[in-house]
Amino acid sequence: MKVKKWRSTIKKIGNHANAKENKQEFTLQNSSNHVTDHLALTLKVVKNEIGHNSDVHFREFIIGRTGIQAAIIFVEGLSDKDLIEQHILLSLMADFSKEYQQEQPCLSNQFIKTQVLSISDVEDVYSIKEVTSKVLTGSTALLIDGLSHAFILGTTKLKTRTIEEPVSEALVRGPRVGFTEPLSDNTSLLRGSGDIENLSLVKFQVGKRSKKDLVVAYIKEIVDPELVEEVENRIKKIDLDNVPESGYVEQLIEDNYLSLFPQVQNTERPDRVIAALMEGRVAILLDGTPFALIAPVTFSMMLQSPEDYYERWISGTFIRFLRYIAVVLSLFTPALYIAFISFHPGMIPTKLAISIIGTKSGVPFPALIEALFMEIAIEILREAGLRLPKPIGPAMGIVGGLIIGEAAVQAGIVSPILVIIVALTAISSFAIPQYSVGISLRILRFIAMLCAAILGLYGVVLFFLFMTSHLVKLKSFGVSYMSPAVPYRLSEWKDLMVRMPLMMMKRRPKMMHTKDSLRKG
């Protein structure tokens, strides 16, 4: 009987131990997904997730004289240590036992937020995945034994550069302020541009593995709600592990990814963004990049500069005319040279034709080959000048172009007239204010040259027709890319190739379907 009794007792103890072990295992499994009220279990799961990183710090302590255990988790270099020590650790480890005993029967969430923590940004998080994600982006996680959630405290402190003049959009007259990498700095620049009524900044997160904040900016009383909805829907469909720069967003939300022309404008200038918002457009700002996106856009916007509006209207119109001339010269000058020399020499004035033939007498290559040689050489020099250090980059491009041009002429590889044409083409391309449009025109220049080499002037005309038909069909978020030329709106030509006085531009573009069509003021 005694043996059976001992066996029964041992069996009960074993069952109790197994039940306790199963309960602990269930609790541990549950804690792998959610924060539990057992601090030790939660810390164990978090350490399994991110504890192997040497820059992640776990600091355990006792809250005041309550005897309750707590821990904070932060990343060295991303979190502000002074803020953690002064406003988190000192506040929690201080002696607040009187207030705690008198007002709170237990250490509650509300008591911690309202009477203990002296930090502005506090968020409750219940998922372990959210805790690790927030910690790895610079926030501090506070875990307290007995509470089944974590406090996420805003302690992010990133090393950033100061606000400087935009490099890619330099102006003679205008604000010397450009966007920087932190999203908070960029949104503050928009807010600081003036007391803008109904400026809405809606935040999203993009990236599946590396999450980044993205802000859609618009003026609620002006913008078309359907445009905002379309932009937000396209952003929500972005499905990538990481979105390091706004160029990724641009490529994923544009209407036609096969087109050579950009359908979203990028800019470093807050004043350009504000001007676009006032027209009923939408801006997109991504954390980690100084380039904001503007949508929708038109081709004429790509040839405009904020400086057009800062100068008097006569000066602005003249400069804008020069840009349109520069676009034509950059795109068609080499193609027309090839067409006239190879197919239509009779269309060249006699004296000029004799001069060109005299300079080409020793050149062994046809016009297409020598033009391709010089254009490719110039493009390589331009790219090399961009990648070299700033002190020697511009000098490399200028000196390299002069040396190669002179050497090629002396060697009899190209004619002197072609060197002049290539130089004029390169200078004209520098007058285009938008870098992305300049790249598109450089690519199209080579296509135009090939068309001219095959069919002469007929090839150039066909190329122009195909290009314009593509531009007419192209849209940016439902807006015609060639608007207001196509569809034809004469009333909006006041800000197309000319820039009329500001007093005459009282209406916003009709293509934007804005709620308020009048510019007030």
Side-chain angles (χ1 to χ4, degrees), residues 167-168 170 260 322-323 325-432 435-457 459-460 463:
V167 178
S168 62
L260 284 174
L322 287 180
R323 291 200 198 103
I325 293 172
V327 168
V328 175
L329 292 176
S330 172
L331 188 56
F332 292 108
T333 304
L336 291 175
Y337 168 79
I338 294 170
F340 283 127
I341 293 298
S342 302
F343 290 88
H344 314 285
M347 298 181 67
I348 306 174
T350 305
K351 292 184 179 180
L352 180 59
I354 293 171
S355 176
I356 293 174
I357 292 170
T359 58
K360 279 186 61 66
S361 58
V363 177
F365 302 112
L368 175 64
I369 301 300
E370 59 173 340
L372 285 175
F373 170 76
M374 287 301 298
E375 285 292 341
I376 292 173
I378 290 295
E379 293 298 329
I380 293 173
L381 282 172
R382 181 185 302 190
E383 191 67 17
L386 287 174
R387 308 306 166 197
L388 286 172
K390 287 184 179 179
I392 62 173
M396 169 67 185
I398 296 170
V399 175
L402 291 173
I403 292 173
I404 289 179
E406 184 179 357
V409 171
Q410 290 181 355
I413 299 175
V414 299
S415 60
I417 187 66
L418 180 62
V419 175
I420 297 173
I421 289 172
V422 170
L424 178 63
T425 303
I427 294 170
S428 299
S429 65
F430 291 138
I432 300 170
Y435 179 73
S436 56
V437 176
I439 294 176
S440 301
L441 295 178
R442 284 153 62 183
I443 297 171
L444 289 171
R445 185 193 308 152
F446 285 97
I447 299 175
M449 290 165 60
L450 293 175
C451 292
I454 296 171
L455 296 172
L457 280 178
V460 177
F463 164 77

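All residue numbers in this chain count up from 1 along the given sequence.
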Reported OG-to-CZ distance for the pair S330 and R323, which is rounded to 0.5 angstrom: 14.5 Å

Straight-line distance of L331 CG to I443 CD1, nearest 0.5 Å: 12.0 Å

Closest contact, heavy atoms only, [X] versus [Y]:
{"X": "C451", "Y": "F463", "answer": "SG-CB, 4.1 Å"}
{"X": "F446", "Y": "L372", "answer": "CD2-CD2, 3.7 Å"}
{"X": "G456", "Y": "F343", "answer": "CA-CD1, 3.6 Å"}
{"X": "A448", "Y": "A335", "answer": "O-CB, 3.6 Å"}
{"X": "A426", "Y": "I378", "answer": "CB-CG2, 4.1 Å"}

According to side chain to side chain contact (heavy atoms under 4.5 Å, CB included), who are the partners of [X], at least two apart in sequence or on a separate chain?
{"X": "V437", "value": "P262, F299, M302, I432, Q434, L441"}
{"X": "A367", "value": "Y337, I338, I341, S342, E370"}
{"X": "F340", "value": "L336, H344, M347, I348, L457"}
{"X": "L455", "value": "Y458, L462"}

Taking only residues two or more places apart in sequence, or in another chain, which ones meet [X] in a side-chain hydrogen bond (donor to acceptor under 3.5 Å, both in side chains)?
{"X": "E379", "value": "R442, R445"}
{"X": "S429", "value": "R382"}
{"X": "S355", "value": "none"}

Whether S440 side chain and L260 backbone form a donor-acceptor pair below 3.5 Å: yes

Salt bridge (Lys or Arg N to Asp or Glu O under 4.0 Å) contacts touching residues 326-355 (sequence neighbours left out): none

Contact list for residues 329-342, test salt bridge (Lys or Arg N to Asp or Glu O under 4.0 Å), sequence neighbours left out: none

Worked verdict on L329 versus T425 for side chain to side chain contact (heavy atoms under 4.5 Å, CB included): CA-CA 6 Å; L329 292 176; T425 303; over 6 Å; no

